[in-house]
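One structure below.
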Amino acid sequence: MFAIAGISRLLLTAALALPLAAGADYPARPITLVVPFAAGGPTDRVARDLADAMRRAMGAVSITIENVAGAGGTLAATRVARAGNDGYTLLLAHIGLSTAPALYRSLPYDTLNDFAYLGMIVEVPMTLIGRPTLPAEDFAELRTWLSQNKGRVNLANAGLGAASHLCGLIFQQSVGVNMNTVSYKGTAPALADLLAGHVDLLCDQTTNTSGQIEAGRVKVYGVTTARRLVAPSLAGLPTLDEAGLKGFNVSIWHGLYAPKETPAPVLAKLNDVLRQALQDPEFVRRQEALGAVVISDNRLEPAEHKRFVATQLRKWAEVIKAAGQYAD
Ligand code: ASP
């Protein structure tokens, strides 16, 4: 009797000591979501909204936002590529993930092979905005002002490879005017300087600009997508294509990533949580109000997400080469 009880106690102790199947208890502690740009900006806003929706989908687990801003988002990507493969450090990155390899001489990570792709999140249009005191009320007047101020125009951006950098690059090419670029760690500080009149122009995501546009605090010259936007704060704005920059079409995609070799059950759980979060009514309502489009197509599949980024890497390498941009 004693021996049997002893054996079953031994078996029980052994069972308790066995690690749970990888991911069975995931998530058991707070998750860190790394954001590549400054707090208060457009990427940070999407990340905080997503973290709230993921939290609602997962229950009690908390998600902490860590802003690792600088070098156009590559510092944040490096941080996550080197993090533990346990699913507790994730990256929310945008289009910059696919432009950096063509812009930086060397990166400490491999975009396609050092991350587990978890699915895409939202696509966000951009707007071309100007300082409140800029003496041009519409795009035609802006063109005239640009030609009268050659060599003196300051165009803000969030660093090499950021969405604002890309949009600014295409904008300068389209209007045929080279501007002085002023780089920040995100478009939150860039927008603050634009509002204060320290820089002239900024091409930024609607998730950051719609409130300022609605309140009439900035000059707005157009949206960067092929079609006009429907969000009430942005409806009625002309597209840059309509305004005369034929074919202008820039929209900024965002995706979720974990370090490579994160256990498959953890990745499956995260993909499931992401899908639930993207259907969260509060998340959808907030994104739509800011002009963003929540992803609902097959790029929610990790393999499709990765395939999409691979095509973006090729596309942007060509655009960047054609623009004569150099690696830094
Ligand atoms: N999205 C960036 C930010 O959150 C800026 C950029 O990509 O231009 O600040």
Side-chain angles (χ1 to χ4, degrees), residues 22 31-39 41-44 46-47 50-51 63-122 157-166 169 183-187 252-264 266-268 270-271 274 299-321 325-328:
I31 294 170
T32 298
L33 180 56
V34 177
V35 174
F37 296 100
T43 312
D44 182 70
V46 168
L50 181 74
I63 302 180
T64 310
I65 303 290
E66 186 181 308
N67 297 88
V68 182
T74 59
L75 299 182
T78 304
R79 153 101 173 84
V80 175
R82 290 180 179 160
N85 300 329
D86 52 10
Y88 290 99
T89 309
L90 306 177
L91 172 70
L92 188 149
H94 73 0
I95 196 166
L97 198 67
S98 70
T99 61
L103 287 164
Y104 290 80
R105 216 157 260 143
S106 70
L107 286 175
Y109 58 85
D110 178 323
T111 311
L112 290 177
N113 297 312
D114 282 351
F115 300 102
Y117 285 61
L118 290 167
M120 295 198 29
I121 306 162
V122 283
N157 71 34
L160 206 61
S164 45
H165 169 245
L166 289 177
L169 199 65
S183 290
Y184 295 81
K185 284 192 172 179
T187 50
I252 306 305
W253 50 265
H254 298 67
L256 191 64
Y257 308 83
K260 69 167 183 211
E261 287 166 16
T262 302
V266 171
L267 296 177
L270 282 166
N271 179 258
L274 174 64
R299 290 171 301 169
L300 281 172
E301 294 287 344
E304 279 306 318
H305 175 194
K306 187 168 178 177
R307 203 164 301 143
F308 173 77
V309 175
T311 59
Q312 289 280 300
L313 279 162
R314 287 193 289 276
K315 172 188 160 165
W316 288 107
E318 279 168 27
V319 173
I320 289 161
K321 201 167 155 210
Q325 291 285 300
Y326 50 88
D328 222 358

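All heavy atoms count here, side chains included; hydrogens, waters and symmetry mates do not. On a predicted model such as this, the values are computed, not experimentally measured, just so you know.
Under the salt bridge (charged side-chain N to carboxylate O under 4.0 Å, His left out) criterion, Arg82 pairs with no residue, sequence neighbours left out.
Gly73 approaches Pro36 most closely through the heavy-atom pair CA-CB, 3.5 Å. Across Ile63 and Ala51, no two heavy atoms sit closer than the pair CD1-O, 3.7 Å. Of all non-hydrogen atoms in Pro108 and Thr78, the two that sit nearest each other are CG-OG1, 3.4 Å. Among all heavy-atom pairs drawn from Ser183 and Asn157, the shortest one is OG-OD1, 2.8 Å. The nearest pair of heavy atoms linking Asp44 to Ala38 is CB-O, 3.6 Å. Nearest heavy-atom pair, Gly161 versus Thr99, reported as atom, atom and distance to 0.1 Å: O-OG1, 3.0 Å.
Distance alone, capped at 3.5 Å, places no donor-acceptor pair between the Tyr104 side chain and the Thr74 backbone. Checked by atom type and distance alone, the side chain of Asn67 never pairs as donor or acceptor with a backbone atom of Ala69 at under 3.5 Å.
Between His94 and Phe37, the angle of the ring planes lies from 30° to 60°, which puts this pair in the tilted group. Between Phe115 and Tyr257, the ring planes lie perpendicular to each other; the angle is over 60°, past the 30° to 60° tilted range.
To the nearest 0.5 angstrom, Thr43 atom OG1 is 4.5 Å from His254 atom NE2. For the atom pair CZ of Arg307 and NE2 of His305, the computed distance is 12.5 Å after rounding to the nearest 0.5 Å. Interatomic distance, CG of Leu50 versus CD1 of Ile121, reported as 5.0 Å (0.5 Å rounding). If you take CD1 on Ile65 and CG on Leu92, they are separated by 8.0 Å, rounding to the nearest 0.5 Å. Interatomic distance, Leu97 CG to Trp253 CH2, rounded to the nearest 0.5 Å: 5.5 Å. In this structure, Leu103 CG and Leu166 CG are separated by 7.0 Å, a value rounded to the nearest 0.5 Å.
When each of Val80, Ile31, Thr262, Leu33 is paired with Thr89, the side-chain contact (heavy atoms from CB on, under 4.5 Å) condition holds for Val80 and for no other. The side-chain contact (heavy atoms from CB on, under 4.5 Å) test with Lys306 singles out one residue from Leu118, Asn113, Thr111, and that residue is Asn113. Shown are Leu112, Asn271, Leu256, Leu267; of these, the side-chain contact (heavy atoms from CB on, under 4.5 Å) with Tyr117 is made only by Leu112.
Tyr184 places none of its side-chain heavy atoms less than 4.5 Å from the side chain of Ser164. Contact annotation: the side chain of Glu304 never approaches that of Phe308 to less than 4.5 Å [non-hydrogen atoms, C-beta and beyond].
Ion pairing between Glu318 and Lys321 fails under the 4.0 Å rule for side-chain N and carboxylate O.
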